[in-house]
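Input: a single structure, listed below in structure tokens.
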Amino acid sequence: MEHFSSNVFALLLLLISISLPSSEGTPAVGVNYGRVANNLPSATKVVQLLKSHGISQIKLYDADPAVLRALSGTGIKVVVTLPNEQLSSASARPAFALSWVQSNVAAYYPSTLVHAIAVGNEVFVDPRNLTSYLVPAMQNIHAALVQLHLDGPVKISSPIALTALQSSYPPSAGAFRAELVEPVLRPMLELIRQSGSYLMVNAYPFFAYEANTDVISLDYALFRPNPGVLDPGTNHRYYSLFDAQIDAVFAALSALKYDDVKVVVSETGWPSKGDPKETGAGVNNAAAYNGNLINRVLSGNAGTPLRPTADLEVYIFALFNENQKPGPTSERNYGLFYPDEQKVYDVQFTFKGANGGGLRWEEDRGRHNKTGSSSSNNNNNNGGNVKGNSSGRLSERTTGETWCVANAAVGKKKLQAALDYACGEGGADCKEIQPGATCYDPNTVEAHASYAFNSYYQKKGRVAGTCDFLGAGYVVSQLPKIGNCALPTRY
């Protein structure tokens with residue numbers, strides 16, 4: 001463990017400086033505004049809803065004039081989409097591409113802040129075999145932007161699904177499907193690089209968890225404290241399935257020598273309801289996933305183990321539950337809001353720390369809800385398995401007690417700064433994590449930070465916000481152990 005600095009003021013400045021986003025490039029979370037429904041509010045009401053909740057970025061699946069007009073003068077950034085149905089025309093006819101950009105971008109910009117065009121959506125998995133049209137369509141759309149002098153403020157991309165990867169586990173082995181590389185991905189990435197744009201990726205840990213509940217823990221999928229998963233290729237330890245998925249994309253980009261290409265997560269989310277076989281779908285888990293992700297991005301902790309300084313931009317799917325979407329029940333229940341504009345769960349798009357920002361949620365630890373029934377979702381028995389220490393083992397549950405542990409996902413630098421604060425000005429009892437003391441081993445920043453955070457938290461009477469540490473701490477309700485050292489509940 002590093003020595004505690006005597007300059008507490010300097011440490012506080014360090015803690016603040018590494019945890020708060022800069023005014024330039026302030027992180028934001030967007031929302032996908034899908035409209036496959038017959039009961040949604042008008043575009044004008046939707047814009048009022050966005051503004052009332054501080055949502056500053058949206059992504060459309062078309063370029064609907066009513067929506068673009070309603071967004072005029074609001075300052076809300078919008079991504080418009082050239083639908084898959086128009087890829088063939090945009091690919092074959094530069095004049096069509098120019099007309100489309102004139103009608104759907106230039107006609108509204110800059111009053112409506114169109115800042116990107118998604119050329120198609122998940123084209124590689126479209127059953128109509130549209131892949132060959134994608135790059136020519138992107139090239140023609142970009143040429144139209146250049147002709148209209150909009151290629152600076154308006155970027156182009158095309159959202160890809162993770163099925164574009166041939167391999168994704170471990171993350172360091174991430175690679176694109178061989179048949180896509182030369183004909184599509186390489187020229188697409190070259191256009192993205194030359195135009196200063198970014199690759200859009202749709203990533204859904206829910207799908208991976210649902211299909212592999214025997215090997216993937218729910219905590220790992222929901223950004224909750226867990227022992228992590230080691231990537232033997234890099235020795236990076238992953239504490240969230242989301243990070244693992246995104247790093248598989250980064251590894252695939254690196255393999256093609258496109259390390260410099262930025263990634264935007266154009267879709268991600270978790271359903272609040274599903275069919276009985278859709279394990280993990282439910283309100284609590286949806287709120288946990290989206291809330292923890294939003295809070296993390298807004299706190300400036302968006303980097304991944306492979307790209308720790310990456311400033312990920314994320315779009316949550318979706319704004320509303322959409323009643324006409326085909327497929328399983330989950331497909332109609334990804335919304336943050338019901339069509340009547342009521343929240344599916346509490347939504348906040350402003351950062352207020354680990355215990356108060358993002359989407360607020362209550363941990364599902366097998367406790368009973370107000371009706372007396374279990375709060376688990378869809379009979380998912382993984383909901384109560386909290387693995388809050390390096391071994392993944394927990395001692396017996398102590399009713400009514402809570403503990404504060406370190407959030408390894410923020411990285412060692414932020415953990416160390418928070419640890420220094422807790423053991424310095426914070427007044428935590430850190431004697432037991434000094435060399436030779438009972439809780440010194442394991443000698444890691446994460447283990448020592450958990451001990452110090454918990455000491456501070458318990459001394460402050462477990463008051464809300466005292467396990468915050470600007471995103472570096474989590475509250476858990478089952479007793480964690482650090483090696484042979486159990487965290488105390490009283491000081």
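No side-chain N or O of N226 forms a donor-acceptor pair with one of S217 less than 3.5 Å apart. In this model, no donor atom of one side chain and acceptor atom of the other lie less than 3.5 Å apart for N333 and S272. No side-chain donor-acceptor contact under 3.5 Å links Q48 and E341. In the model, T279 has no side-chain atom that pairs as donor or acceptor with a side-chain atom of E210 under 3.5 Å. Remark: the Y204 side chain and the E267 side chain contain an N/O donor-acceptor pair separated by less than 3.5 Å. Side-chain polar atoms of Y238 and Q245 form no donor-acceptor pair below 3.5 angstrom.
For the pair R332 (side chain) and K325 (backbone), a donor-acceptor distance under 3.5 Å is present. When atom types are taken as modelled, the side chain of S455 and the backbone of D429 share a donor-acceptor pair closer than 3.5 angstrom. The backbone N or O of A173 lies less than 3.5 Å from a partner atom in the side chain of S167, making a donor-acceptor pair. At distances below 3.5 Å, not a single donor-acceptor pair connects side-chain atoms of Q416 with backbone N or O atoms of K413. Between the side chain of S266 and the main chain of V201, a donor-acceptor pair closer than 3.5 Å is present. No side-chain donor-acceptor contact under 3.5 Å links N295 to the backbone of G291. Judged purely by atom type and a 3.5 angstrom limit, E122 has no side-chain atom pairing as donor or acceptor with the backbone of P159. Under a 3.5 Å cut-off, the side chain of N321 and the backbone N or O of G335 do form a donor-acceptor pair. Proximity of a side-chain donor or acceptor of N285 to a complementary backbone N or O of G280 within less than 3.5 Å is detected. Judged purely by atom type and a 3.5 angstrom limit, D231 has no side-chain atom pairing as donor or acceptor with the backbone of H236.
Considering only heavy atoms from C-beta on, P305 comes within 4.5 Å of D247 through its side chain. L306 has its side chain within reach of T234: a pair of non-hydrogen atoms, C-beta onward, lies under 4.5 Å apart. T268 places a side-chain heavy atom less than 4.5 Å from the side chain of V314. Residues L312 and F242 form a side-chain contact, since some pair of their non-hydrogen atoms from C-beta on lies under 4.5 Å apart. Contact of the L71 side chain with the V47 side chain is registered, since non-hydrogen atoms from C-beta on lie closer than 4.5 Å. Counting only heavy atoms from C-beta outward, the side chains of H53 and L50 never approach each other to under 4.5 Å. Within the 4.5 Å cutoff, the side chain of Y338 has no heavy atoms near those of the K343 side chain. Considering only heavy atoms from C-beta on, L199 comes within 4.5 Å of M188 through its side chain.
Classification of the Y440-H448 ring pair by plane angle, with boundaries at 30° and 60°, yields tilted. Taking the six-membered ring where tryptophan is involved, the planes of Y315 and H115 are essentially parallel, since the angle between them stays under 30° and well short of 60°.
Atom CD1 of I433 is separated from atom CG of N443 by 9.5 Å, given to the nearest 0.5 angstrom. Expressed to the nearest 0.5 Å, how far CG of L319 lies from OH of Y33 amounts to 7.0 Å. The structure places CZ of F223 at 10.5 Å from CG of N407, a figure rounded to the nearest 0.5 Å. Interatomic distance, CD1 of I55 versus CD1 of I76, reported as 8.0 Å (0.5 Å rounding). Here the OH-SG distance, from Y456 to C423, works out to 12.0 Å after rounding to the nearest 0.5 Å. Atoms OH and CD1, on Y198 and I156 in that order, are 10.5 Å from each other to the nearest 0.5 Å.
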Practice task
Would you check, one step at a time, whether the test side-chain hydrogen bond (donor to acceptor under 3.5 Å, both in side chains) holds for D259 with S254?
Solution key: CA-CA 5 Å; D259 302 81; S254 181; 2.7 Å; yes
Practice task
For W403 and Y457, run side chain to side chain contact (heavy atoms under 4.5 Å, CB included): C-alpha distance rounded to whole Å, both residues' side-chain angles, the deciding distance at 0.1 Å, then the answer.
Solution key: CA-CA 8 Å; W403 295 262; Y457 175 67; 5.5 Å; no
Problem - Chi angles and distances behind the side chain to side chain contact (heavy atoms under 4.5 Å, CB included) call for M200, I160 - result: CA-CA 6 Å; M200 292 181 173; I160 65 171; over 6 Å; no
Handout entry: Derivation of the side-chain hydrogen bond (donor to acceptor under 3.5 Å, both in side chains) call for N284 and Y345
Key = CA-CA 8 Å; N284 286 353; Y345 34 85; over 6 Å; no
Practice task
Test S157 against V119 for side chain to side chain contact (heavy atoms under 4.5 Å, CB included), laying out the working first.
Solution key: CA-CA 6 Å; S157 190; V119 181; over 6 Å; no
Exercise for the section: Take L336 and V344 through the side chain to side chain contact (heavy atoms under 4.5 Å, CB included) test and state the conclusion after the steps. Expected result: CA-CA 5 Å; L336 302 174; V344 179; 5.9 Å; no
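Using a cut-off of 4.0 Å between Lys/Arg side-chain N and Asp/Glu carboxylate O, D243 and R296 are scored as salt-bridged. Under 4.0 Å is where a charged nitrogen must lie from a carboxylate oxygen, and between D64 and R35 at least one such pair does.
Contact between I246 and A203 at its shortest, heavy atoms only, is CD1-CB, 4.0 Å. T163 and R177 get closest at one heavy-atom pair: O-CD, 3.0 Å. Pairing each heavy atom of F206 with each of A281, the nearest pair is CE1-N, 3.7 Å. P171 and A251 make their closest contact through O-CB, 3.3 Å (heavy atoms, listed as atom of the first residue, atom of the second, distance). Minimum interatomic distance between S197 and K155 (heavy atoms only, all atoms of both residues): OG-CB, 3.4 Å. Across all their heavy atoms, W270 and A286 have their closest contact at O-CB, 3.3 Å.
The side-chain hydrogen bond (donor to acceptor under 3.5 Å, both in side chains) test with Y61 singles out one residue from T81, N32, N84, and that residue is N32.
The aromatic ring centres of Y239 and Y220 sit 6.0 Å or more apart.
Atom NZ of K77 has 12 or fewer heavy atoms from other residues, nucleotides or ligands within 6.0 Å. Counting non-hydrogen atoms of other residues, nucleotides and ligands closer than 6.0 Å to NZ of K460 gives a total of 12 or fewer.
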